[in-house]
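Protein chains get the first letters and strands the later ones, always in sequence-line order, with residue 1 at the start of each. Predicted model, so just to flag it, every value in this text is computed and none were measured.
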There are 2 protein chains.
Amino acid sequence: MASTIQDVAKAAGVSAATVSRVFNGGRVTAERAERVRRAAAELGFAPNRVARSLRTQRASVIGLLIPDIENPFFTAMARGVEDAAQQTNLSVVLCNTDEDVDKERRYLEVALAEQMAGVIVAAASRERTDLSLLEARGMPVVAVDRRPRGSNVDVVLVDNAHGSEDATAHMLARGYRRIACITGPQGASTSEERLAGYRTAIGDFLRAHPDRAGEYPVDPVTEWTRFADFKVEGGHKAMADLLARPERPDAVFVANNLMAVGALRALREAGLNAPEFGILSFGEVPWAPMVSPSLTTVQLPSYDLGWTAASLLQDRMSGKDRPLQTVVLRTALQVRDSTSGPGA
Amino acid sequence: MASTIQDVAKAAGVSAATVSRVFNGGRVTAERAERVRRAAAELGFAPNRVARSLRTQRASVIGLLIPDIENPFFTAMARGVEDAAQQTNLSVVLCNTDEDVDKERRYLEVALAEQMAGVIVAAASRERTDLSLLEARGMPVVAVDRRPRGSNVDVVLVDNAHGSEDATAHMLARGYRRIACITGPQGASTSEERLAGYRTAIGDFLRAHPDRAGEYPVDPVTEWTRFADFKVEGGHKAMADLLARPERPDAVFVANNLMAVGALRALREAGLNAPEFGILSFGEVPWAPMVSPSLTTVQLPSYDLGWTAASLLQDRMSGKDRPLQTVVLRTALQVRDSTSGPGA
DNA sequence: TTCCGCAGTGAAATCGATTTCATGCCAGGG
DNA sequence: CCCTGGCATGAAATCGATTTCACTGCGGAA
């Protein structure tokens, strides 16, 4: 069953070289090419990609490393990568690193050893993810969502700061004043950027309305900020903690979707409801339109993130020697009912 | 940078064969082995898997083909596969077939051409997915969730009929009587099995309470059944349609999670709420505990499905010649508030 | 002491495709 | 008529690891 190029060559009465040329665009007379094609079809011949890769030193497969396959953000991204790759007949293989740097390193080694054509990586850690091996071997790499420290690769990022600022400004415009913020771990770039956007919006507002500053018994920018872990439980705890303070906030900006789930539960447990208590999630939640009231979210361009990364990778792969790029994609605020305003 | 086995051999002053033996458990004197290991470490040598695969005709990678990467059911399954594979140092690459038989075939060809060690496939179509190519080449294959027609492979399935029967019986026990059913496309095995389970439960109940039959103006088993498409919109439409009937049901059993979302929306639009109107989803919904009232669901053993499939595959790969197996895994009913009963 | 057998080793074959290189052939120009 | 150039072609080298095979010593048995 397993037919090789030699079998086809023999069946068609030509040499293996000729068969190879037929399939790879070499010069072959029409008559012979036809004979080869017929013989190949007859034998059900498909070139052995392993042998091909060994010889050409490259594959028609690209690797996509993501930290959490159960997170819709990354799966949507994967879809974007896939769709872009389809255009040039590349196959995408997905590796789940599980936020684990060791597992990630193993997969990077696999990518290298399998001679993959390139890799797109949403790094498990900004600090400890090490892409230098791939760079040293000249493998095309694009980082997405997070920029690993000290690596010289193309990067595609989300405009976290802008999206957060925008979202916070929206809540202020709707009349919320005592807006808290639950962000991710200290040190993570995404947490910091989202927090920074929130602070910018608050700062701008206070500057524009200096008279209002007196309404706040404490400095909201520091007192009402909580660092959590981007997980459901962390969001729950942070929210409960905020609600226990003597100066209770009247709204909360939550820096990712999972923590928003936790925060929502904490609110319900405290007998609070949106939109009297405003809540906004950075990052889409699949069921956002379903809960009552429907949840206002910052939509991340996850699909486009993937698409863009794949395009950059293919540019790189085709040998174009252009300077390193960093592409930043904007978010979109999806206004729903959970931020209609405290009096609504 | 790219060091080969030859480089290591030269550096250690031995032959390539010896280096290979050091890494693959051949007999080598301790002293030489040590020299080789040191030289390899020095050069950062890692064997080229492509070359290895070409020679050994097998890889240390298994393929996992799933129809929809954005469906949590499949991602949980993927996790199960991964965890089981880790144990024997196999890497898993994930391919998203997008419910598209052509795309699926391409990935199957990739698996073949890349000489993957084996494949686990959640078939895009029960009728048109063709595994015979892989079988012919002797590649180990395990089918999961759906059994492709006419293929001789190990299969891991969910006990759809039992789960549905159980779920429907639960609703009857809670006092719902006019229970409708929204299932998937006619002909799909999962739809049919889930429908069958529902019908069994209803039939058993009517037999046990013949006096009750008079309460029903129509034959519920046929009149209150709707075939939809396993998608949100289909569920919405089917539910709206059921509610428009003169004999309105008082509960609904929905055969998958996405359609349950649609059905919920239709209920809300009609001003109906659980648990007065009972609703139960076959298949977990990530936000099931979050909606009010929380949604009763049938939990699918998705993780275990993956784990079991990977174990079977590894058995097969290790050359054990045992008869074909079909493993059926039970579901678990997660009772929540949406089925507390019509009077609750 | 002489064999026998086995452990350790390296040279070379092997996997299947691609690609280089040398060759044969034909057409067209001088 | 001969030479040049280009095209089509097949033989052979190549990619890098594994594995077979033949050979060398060495230790134990006869």
Per-nucleotide protein contact along nucleotides 19-26 of chain D, 5' to 3', at a 4.0 Å heavy-atom cut-off (B base, S sugar-phosphate only, - neither), is BB------
Where the side chain of B:Ser151 meets the backbone of B:Val153, is there a donor-acceptor pair that is under 3.5 Å apart?
-> no
Round to a whole Å and report the spacing from CD1 of B:Ile5 to P of D:dC15.
-> 15 Å
Mapping A:Gly13 and B:Phe23 to their closest nucleotides on DNA chain D, which lands nearer the 5' end?
-> A:Gly13
Contacts of type side-chain hydrogen bond (donor to acceptor under 3.5 Å, both in side chains), residue A:Asp100, not counting sequence neighbours = none
Write down the distance between CZ (A:Arg49) and C1' (C:dT18), rounded to a whole number of angstrom.
-> 16 Å
Quick one: B:Asn48 CG to D:dT18 P, roughly how many Å, whole number?
-> 10 Å
Going by heavy atoms closer than 4.0 Å, what residues in residues 28-41 of chain A are next to DNA chain C?
-> none
Please give, in whole Å, the distance from C:dC15 C1' to A:Gln6 CD?
-> 11 Å
Axis bend over the full length of the helix from C:dT1-D:dA30 to C:dG30-D:dC1, computed from five pairs that close each end, to 10 degrees | 60°
All side-chain hydrogen bond (donor to acceptor under 3.5 Å, both in side chains) counterparts of B:Arg32, not counting sequence neighbours | none
From NZ of A:Lys10 across to P of D:dT9 the rounded distance in Å is 20 Å
Partners meeting salt bridge (Lys or Arg N to Asp or Glu O under 4.0 Å) with B:Glu104 (sequence neighbours left out) = none
Comparing B:Leu54 and B:Ser15 on DNA chain C - which has the more 5′ nearest nucleotide = B:Ser15
Which residue pairs satisfy the ring pair (Phe, Tyr, Trp, His ring centres under 6.0 Å) criterion with at least one member in residues 72-112 of chain B, sequence neighbours excluded?
-> none
Quick one: on DNA chain C, does B:Ala51 or B:Val14 contact a more 5' nucleotide (nearest heavy atom)?
-> B:Val14
Contacts of A:Asp68 meeting side-chain hydrogen bond (donor to acceptor under 3.5 Å, both in side chains) (sequence neighbours excluded), chain-then-number -> B:Arg79
Taking the side chain of A:Thr4 as heavy atoms from C-beta outward, which of C:dG16, D:dC7, D:dG10 is closest to it?
-> C:dG16
With B:Asp145 via salt bridge (Lys or Arg N to Asp or Glu O under 4.0 Å) - residues at least two apart | none
Counting just side-chain N and O atoms, does B:Arg27 come under 4.0 Å of either OP1 or OP2 of C:dA7?
-> no
Quick one: does A:Asp159's side chain have a donor or acceptor within less than 3.5 Å of a partner on A:Leu329's backbone?
-> no
Residues which pass side-chain hydrogen bond (donor to acceptor under 3.5 Å, both in side chains) with A:Glu109, listed by chain and number, not counting sequence neighbours = none
Kindly list each side-chain donor-acceptor pair under 3.5 angstrom involving residues 17-29 of chain A, sequence neighbours excluded, with atom names and distances?
unit_1  : atom_1 : unit_2  : atom_2 : d
A:Thr18 : OG1    : A:Ser15 : OG     : 3.3
A:Ser20 : OG     : A:Asn24 : ND2    : 3.3
A:Asn24 : ND2    : A:Ser20 : O      : 2.8

Using a cut-off of less than 4.0 Å, is there contact between a side-chain N or O of B:Gln57 and OP1 or OP2 of C:dG16?
-> yes
Quick one: salt bridge (Lys or Arg N to Asp or Glu O under 4.0 Å) partners of A:Glu34, sequence neighbours excluded?
-> A:Arg38
